Amino acid sequence: MAEDMGSTVPRRRLGRALRDLRTEAGITLDAAAEALECSRQKVWRIESGLGSARSIDVRAMCELYRAKNELTRALIALAGETRAKGWWHAYGDAIPDWFELYVGLESAASRLRFYKNSLVPGILQSRDYALGIYRIDQPEMSQEDRELAVELRSQRQSLLTRRLPKAPQVEVVLCESVLLRPVDSSATMADQLRRLLQLSEQPNISIRVMPLIAGPHHGTVAGEFVLLDFPLGNRSTPDPSVVYSEAITGALYLDRPGEFAAYEKVWSSLLTLTLDEEQSRQLINKIIGEVHHG
């Protein structure tokens with residue numbers, strides 16, 4: 001998987017550098033777009049790491065922002081790395097444009113923290129559970145496209161057991177309602193919950209349940225989210241951590257320190273209300289037997 005991270009990390013680094021240069025130069029997005037004779041959306045996408053960047057565009061931006069020659073050369077070289085493609089590009093339209101960045105970030109992360117109040121996270125889903133979700137969520141999707149989407153989800157799950165780079169630490173807080181909510185059939189749900197029990201035995205995976213009796217909490221307001229942290233690698237500081245929050249037509253990617261700190265505070269508050277790992281396993285086992293008759 002070492003080569004499967006694609007261009008996500010260099011795209012983010014390049015985007016941050018160009019955004020910082022523009023800000024230091026006192027140039028707005030609209031002004032930059034006008035000077036570069038391109039759309040505001042194009043400048044924003046490059047700065048957000050949502051797409052590859054051409055060397056000619058990076059050179060023009062550096063000239064506009066009066067970057068030093070050494071920095072310009074470094075950023076142009078970095079632009080070349082943004083054209084690398086990760087394994088997920090082979091799945092084409094199976095990945096919405098707004099989700100493609102997340103798949104790359106997920107592959108590059110050293111720690112993933114999920115808060116879910118509606119469904120099991122994709123990287124923990126069983127095949128039948130995932131198919132059931134697609135039948136409900138996208139009934140117009142062909143069976144062939146569903147199979148392709150589930151295959152993509154299975155490919156994402158390989159990061160849980162990869163050797164190089166080291167598999168990420170995965171921490172999950174699931175609301176009890178996720179375990180009770182029927183998807184497809186009782187047999188599918190029982191199988192999915194047994195999968196959660198198996199995964200929770202891995203040293204890098206922690207699954208904890210938020211019981212219904214916990215009542216309202218900060219997660220109710222924050223909604224579902226994922227916190228992604230990144231390894232140090234060969235740099236003196238790691239890439240900034242990211243909050244990912246998904247909606248029906250797109251997603252938010254938040255990486256400002258204050259934004260991330262706010263969600264970390266929510267995460268910490270959730271952990272004070274969840275069952276511990278062993279109690280969570282006991283509850284999952286109980287629900288398998290009493291609710292889904294597994």
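Everything numeric here is computed off the predicted structure, so don't read it as measured data.
Side chain of Arg208 to main chain of Val173: no donor-acceptor pair is present (N/O by atom type, distance under 3.5 Å, no hydrogens or angles). Within the 3.5 Å criterion, the main-chain N or O of Ala25 finds no donor-acceptor partner in the side chain of Arg66. At least one donor-acceptor pair closer than 3.5 Å links the side chain of Arg22 to the backbone N or O of Ile27. Using a distance-only test at 3.5 Å, with no hydrogens or angles considered, a donor-acceptor pair links the side chain of Gln192 to the main chain of Leu124. When atom types are taken as modelled, the side chain of Gln169 and the backbone of Arg111 share no donor-acceptor pair closer than 3.5 angstrom. At distances below 3.5 Å, at least one donor-acceptor pair connects side-chain atoms of His292 with backbone N or O atoms of Leu179. A donor-acceptor pair under 3.5 Å is absent between the side-chain atoms of Asn117 and the main chain of Thr220, judged by distance alone. No donor-acceptor pair under 3.5 Å is formed between the side chain of Asp255 and the backbone N or O of Val242. Within the 3.5 Å criterion, the main-chain N or O of Arg153 finds no donor-acceptor partner in the side chain of Gln125. Between the side chain of Arg162 and the backbone N or O of Pro165, at least one donor-acceptor pair lies under 3.5 Å.
Note: Phe225 and Tyr115 have tilted aromatic rings, judged against thresholds of 30 and 60 degrees for the angle between ring planes. Tyr253 and Tyr244 have tilted rings, their planes meeting at an angle from 30° to 60° on a 0 to 90° scale.
For Ser48, the side chain to side chain donor-acceptor pair (under 3.5 Å) partners two or more places apart in sequence, or in a different chain, are Trp44. Residues passing the side chain to side chain donor-acceptor pair (under 3.5 Å) test with Gln143, sequence neighbours excluded: Arg146, Glu147.
Closest approach of Ala108 and Pro231 over heavy atoms only: O-CD, 3.3 Å. Shown here for Leu105 and Phe230, the closest heavy-atom pair between the two residues is O-CE2, 3.4 Å. The minimum heavy-atom distance linking Tyr65 with Leu18 is given by the pair CE1-O, 3.7 Å. Contact detail for Cys38 and Val43: the closest heavy-atom pair is SG-CG2, 3.7 Å. The shortest heavy-atom contact between Val178 and Leu119 is CG1-C, 3.5 Å. Contact record, Leu160 with Ala167: O-CB, 3.5 Å, taken as the closest heavy-atom pair.
One hydrophobic cluster holds both Val209 and Ile287 under the rule that ILVMFWY side chains link at heavy-atom gaps under 4.5 Å. Taking hydrophobic clusters as Ile, Leu, Val, Met, Phe, Trp and Tyr residues chained together by side-chain heavy-atom distances below 4.5 Å, Tyr102 does not share a cluster with Trp267. Hydrophobic clustering (side-chain heavy atoms under 4.5 Å, transitive across Ile, Leu, Val, Met, Phe, Trp, Tyr) groups Ile207 together with Ile123. Under the 4.5 Å side-chain heavy-atom criterion for Ile, Leu, Val, Met, Phe, Trp and Tyr, Leu283 and Leu270 are members of distinct hydrophobic clusters. Hydrophobic clustering of Ile, Leu, Val, Met, Phe, Trp and Tyr side chains at less than 4.5 Å, counting indirect connections, keeps Leu252 apart from Val103.
Around the CD1 atom of Ile213, the shell of radius 6.0 Å holds no more than 12 heavy atoms that belong to other residues, nucleotides or ligands. Crowding of Ile56 atom CD1: a count of heavy atoms from other residues, nucleotides or ligands under 6.0 Å not exceeding 12. The 12-atom threshold is not exceeded at NE2 of His218, counting heavy atoms of other residues, nucleotides or ligands nearer than 6.0 Å. By the 6.0 Å contact criterion, CD on Gln138 is enclosed, its count of non-hydrogen atoms from other residues, nucleotides or ligands being greater than 12.
Counting only heavy atoms from C-beta outward, the side chains of Asp191 and Tyr129 never approach each other to under 4.5 Å. Between Pro168 and Glu106, every side-chain heavy-atom pair lies at or beyond the 4.5 Å cut-off. For the pair Leu71/Leu21, a side-chain contact is recorded, criterion being any heavy-atom separation below 4.5 Å from C-beta on. In this structure, the side chains of Leu29 and Glu47 come closer than 4.5 Å at one or more pairs of heavy atoms. Looking only at side-chain heavy atoms (C-beta outward), Thr274 and Ser280 stay at 4.5 Å or farther from each other. No side-chain heavy atom of Arg195 sits less than 4.5 Å from a side-chain heavy atom of Val120. Arg59 places a side-chain heavy atom less than 4.5 Å from the side chain of Glu63. You'll find the side chain of Leu174 reaches within 4.5 Å of the side chain of Pro121, heavy atoms only.
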Intermediate values then yes/no, side chain to side chain contact (heavy atoms under 4.5 Å, CB included), Leu199 and Val170: CA-CA 10 Å; Leu199 289 169; Val170 177; over 6 Å; no
Test log, rule side chain to side chain contact (heavy atoms under 4.5 Å, CB included), inputs Val243 and Glu259: CA-CA 8 Å; Val243 180; Glu259 295 169 333; 5.6 Å; no
Worked check of side chain to side chain contact (heavy atoms under 4.5 Å, CB included) between Met61 and Ile46: CA-CA 11 Å; Met61 288 179 173; Ile46 291 174; 3.7 Å; yes
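In this structure, a donor-acceptor pair under 3.5 Å is absent between the side chains of Asp229 and Ser110.
Counting only residues at least two apart or in different chains, salt bridge (charged side-chain N to carboxylate O under 4.0 Å, His left out) contacts with residues 271-294 comprise Glu278-Arg281.
Salt bridge status for Lys42 with Asp57: present, with a side-chain N to carboxylate O gap under 4.0 Å.
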